[in-house]
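Below is one structure, written out as structure tokens; comments come after it.
Order of the sequence lines fixes the chain letters, A, B, ..., with proteins taken first and strands second; residue numbering starts at 1 for each chain.
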Amino acid sequence: MVEPKYVAPTGTSDILSPEVERRNCIVDKARRLLGLYCYQEMIVPTFEHTELFVRGIGEATDIVSKEMYTFGDQKGSSFALRPEATSGIVRAFIEHSLYTKSMPQKYFCIGPMFRKEKPQAGRYREFYQIDVELLGAEQPSADAEVIALLMHIFQDLGLKNLTLKLNSMGCRICRAPYREELVGYLRKVEKGLCRNCRERIKKNPLRVFDCKVEGCRHLLREAPELISVLCAQCQEHFEEVKKYLGVMGPDYELDPKVVRGLDYYTRSVFEVVSPSLGAQNVIGAGGRYDYLVEDCGGPPIAGLGFAIGIDRTSLAMKRSGLKGYEDKSLDLFIITTSHHLRFETIKRLDILRHQGFSAEMDHLSRSMKAQMRLADKLRAKIVIFIGEDEIRKGVLGVRDMATSSQEEVPFEDLLDYLYQKLGRKEKWGARG
RNA sequence: GUGGACGUAGCUCAGCUGGUUAGAGCGCAGGAUUGUGGCUCCUGAGGUCGGGGGUUCGAAUCCCCUCGUUCACCCCA
């Protein structure tokens, strides 16, 4: 073989057979469940005006400052491949005045996202998400419902031992003073912190809680926690969310380290961690964003949502031994022995497919043995032989591959015979 | 962007400290008294040993560069 001239770009991949089926399973099950929760699917562009992401996600975030694929057009406009879906949905929500409908409005969107990161296990430059957004409800029951939905989807997929981590990031009123307080504390202990954390003091102080260095973790035990300085309203909101979650079921643990990297999050934030993944083990995460709609030029409408990482979820399923798909099999394989009966063969194949049977034949003029092997490889339930003898007698040889029993079935009885063996199928533009 | 590991047949990998025509398993193709699968057996196709340069009588094997993959950091789904 020759070296391939072209390969998929770094961080992208071709998703081939069993993997495709597992992903389809994830998407199918999620769609069905989202329907039960009254969500509507929305398809938004894979690229938007760069400005939308800058405003929405935040100029200083890593995503916007160094991970976006941006490009221009002839008129000098700047666009970016979407690094996440929330901004696009919020934009569409405002653009189509969907806030004039009765609240809340529930939407979801499935598709690829793009970030120019260095790939590693569970992190790619093109990755797929199921993105779910609930707009127009600031009540804590909405938070609980959204979180429960997220867990419900994973439960439905058969994933176990997941950890749901919950935190509150407060609002504009309580977060700013807290930030000051935290920075003050960090400055005091700055000498004992790692280089990264010293950087983080000015870039994104909340992130220090996520540091893995033991020295930092030790110092941070004494640090002020956001949870304990939430304003009265945020405090109450958070308490209510926990109460609602309590009655709904999903176990969770409070984790002040959960600090999302997108600027728009307020109040409830959450992550779902899989035990079977590597460093990138968050398979679903989200939170509330009460100012985002307004920041994007819409009315002051609260929102919250989450994204499920399809790639990571699929990997977690694979590692947990969850196939998520059925092994493929074939109803019928039609074999012919002589070349001039190929017209007869393909005609019958066509008829059977229109009757809703999955059916295949050989196109490469293989020997009978080879055709049988092929039929076996495709896991055909039944093999139909069309040969000189059969034509002369007006019958077809029909072999049950599981039992190896074979009998002769008259032409006109074939369909009834197959219905009896395989069950009736939904017809696909059946002829005659 | 930073760091580690690895790049040998379509896939998973052997190939000891450099030595003649580079191997296995799986997969693929064909066959085992000529119209019949799965098991077994036989045969075959398929590799410029990621690419380039260097050291050497001689390099898949050593050195440098480069590209790619992978894992981790940063960050995130």
Please classify the nucleic acid contact of A:Y124 as base, sugar-phosphate, or nothing, using heavy-atom distances under 4.0 Å. base
Using a 4.0 Å heavy-atom cut-off across all strands, classify A:G278 as base, sugar-phosphate, or nothing. sugar-phosphate
Any strand: nucleotide that pairs with B:rA60 via Watson-Crick or wobble, under 3.5 Å: none
Consider only side-chain N and O atoms of A:R22 and A:S314, and report whether a donor and an acceptor are under 3.5 Å apart. yes
Nucleotide paired to B:rU33 in any strand shown, Watson-Crick or G-U, under 3.5 Å: none
Could you pull out the protein-nucleic contacts involving nucleotides 2-4 of chain B (nitrogen or oxygen on both sides, under 3.5 Å)?
unit_1, atom_1, unit_2, atom_2, d
B:rU2, O4, A:K118, NZ, 3.2

Identify whether any heavy atom of A:T10 sits under 4.0 Å from a base atom; if not, whether one sits that close to sugar-phosphate; answer base, sugar-phosphate or nothing. sugar-phosphate
Which is more 5' along RNA chain B, the nucleotide nearest A:G286 or the one nearest A:R399? Just name the residue. A:R399
Measure the spacing between CD of A:Q40 and OH of A:Y107 and express it to the nearest 0.5 Å. 5.5 Å
Between B:rC13 and B:rU56, how far apart are the two C1' atoms, rounded to whole Å? 30 Å
Which donor-acceptor pairs under 3.5 Å do the side chains of residues 174-181 of chain A make with protein atoms, sequence neighbours left out?
unit_1, atom_1, unit_2, atom_2, d
A:R175, NE, A:M169, O, 3.2
A:R175, NH2, A:Y265, O, 2.5
A:Y178, OH, A:P224, O, 2.8
A:Y178, OH, A:L226, N, 3.4

Give a yes or no on whether a donor-acceptor pair under 3.5 Å exists between the nucleobase atoms of B:rC71, that is its base, and the side chain of A:R123. no
Which part of the nucleic acid, if any, lies within contact of A:E117, taking any heavy atom under 4.0 Å across all strands shown: a base, the sugar-phosphate backbone alone, or nothing? base
Considering every strand shown, what is the Watson-Crick or G-U wobble mate of B:rC26 when both distances are under 3.5 Å? B:rG10
Mind checking who B:rA72 pairs with, Watson-Crick or G-U wobble, both distances under 3.5 Å? B:rU2
Below 3.5 Å, can you tabulate the donor-acceptor pairs from side chains in residues 78-92 of chain A to any protein atom, sequence neighbours excluded?
unit_1, atom_1, unit_2, atom_2, d
A:S78, OG, A:T50, OG1, 2.7
A:R82, NE, A:P112, O, 2.8
A:R82, NH1, A:V44, O, 3.2
A:R82, NH1, A:P45, O, 3.3
A:R82, NH2, A:P112, O, 3.0
A:E84, OE1, A:T86, OG1, 3.4
A:E84, OE1, A:Y264, OH, 2.5
A:E84, OE2, A:S87, N, 2.8
A:E84, OE2, A:S87, OG, 2.4
A:T86, OG1, A:E133, OE2, 2.7
A:T86, OG1, A:Y264, OH, 3.4
A:R91, NE, A:E95, OE1, 3.0
A:R91, NH1, A:E48, OE1, 2.8
A:R91, NH1, A:E48, OE2, 2.5
A:R91, NH2, A:E95, OE1, 3.4

Give A:A375 one of three labels, base, sugar-phosphate or nothing, depending on what nucleic acid heavy atoms sit under 4.0 Å from its own. nothing
Using the C1' atom as the reference point in each nucleotide, state the distance between B:rG46 and B:rG3 in Å, no decimals. 38 Å
Protein-nucleotides 28-35 of chain B N/O pairs closer than 3.5 Å?
unit_1, atom_1, unit_2, atom_2, d
B:rC28, OP1, A:K377, NZ, 3.3
B:rA29, OP1, A:R366, NH1, 3.1
B:rA29, OP2, A:K377, NZ, 3.2
B:rG31, OP2, A:S367, OG, 3.4
B:rG31, O6, A:R373, NH2, 3.3
B:rG35, O6, A:D389, N, 3.0
B:rG35, O6, A:D389, OD1, 3.1
B:rG35, O6, A:D389, OD2, 2.6
B:rG35, N1, A:E390, OE1, 2.8
B:rG35, N1, A:E390, OE2, 3.3
B:rG35, N2, A:E390, OE1, 3.4
B:rG35, N2, A:E390, OE2, 2.7

Is the cationic atom of A:K188 (NZ for Lys, CZ for Arg) positioned less than 6.0 Å from the six-membered ring centroid of A:Y185 and within 45 degrees of its normal? no
Side-chain N or O of A:Q120 closer than 4.0 Å to phosphate OP1/OP2 of B:rC73: yes
With rounding to whole Å, what would you report as the distance between B:rU8 and B:rG52 at their P atoms? 16 Å
Compile the donor-acceptor pairs under 3.5 Å between side chains in residues 372-381 of chain A and protein atoms, sequence neighbours left out, one pair per line.
unit_1, atom_1, unit_2, atom_2, d
A:R379, NE, A:K328, O, 2.8
A:K381, NZ, A:S329, OG, 3.3
A:K381, NZ, A:D331, OD1, 3.3

Carefully, step by step, assess A:V146 and A:L150 under the rule side-chain contact (heavy atoms from CB on, under 4.5 Å). CA-CA 6 Å; A:V146 165; A:L150 174 62; 5.9 Å; no
Say whether A:E388 and A:S338, considering side chains only, have a donor N or O and an acceptor N or O under 3.5 Å apart. yes
Under the ring pair (Phe, Tyr, Trp, His ring centres under 6.0 Å) test, which residues partner A:Y69, sequence neighbours left out? none
Looking at every strand, decide which applies to A:R379 at a 4.0 Å heavy-atom threshold: base, sugar-phosphate, or nothing. nothing
Both distances below 3.5 Å, Watson-Crick or wobble geometry, any strand: find the nucleotide opposite B:rC39. none
Sub-6.0 Å ring centroid separation between A:F270 and A:Y252: no
Could you give the distance separating B:rG7 and B:rG15 at their P atoms, to the nearest angstrom? 11 Å
When rounded to the nearest Å, what value does the distance between P atoms of B:rG23 and B:rC49 take? 14 Å
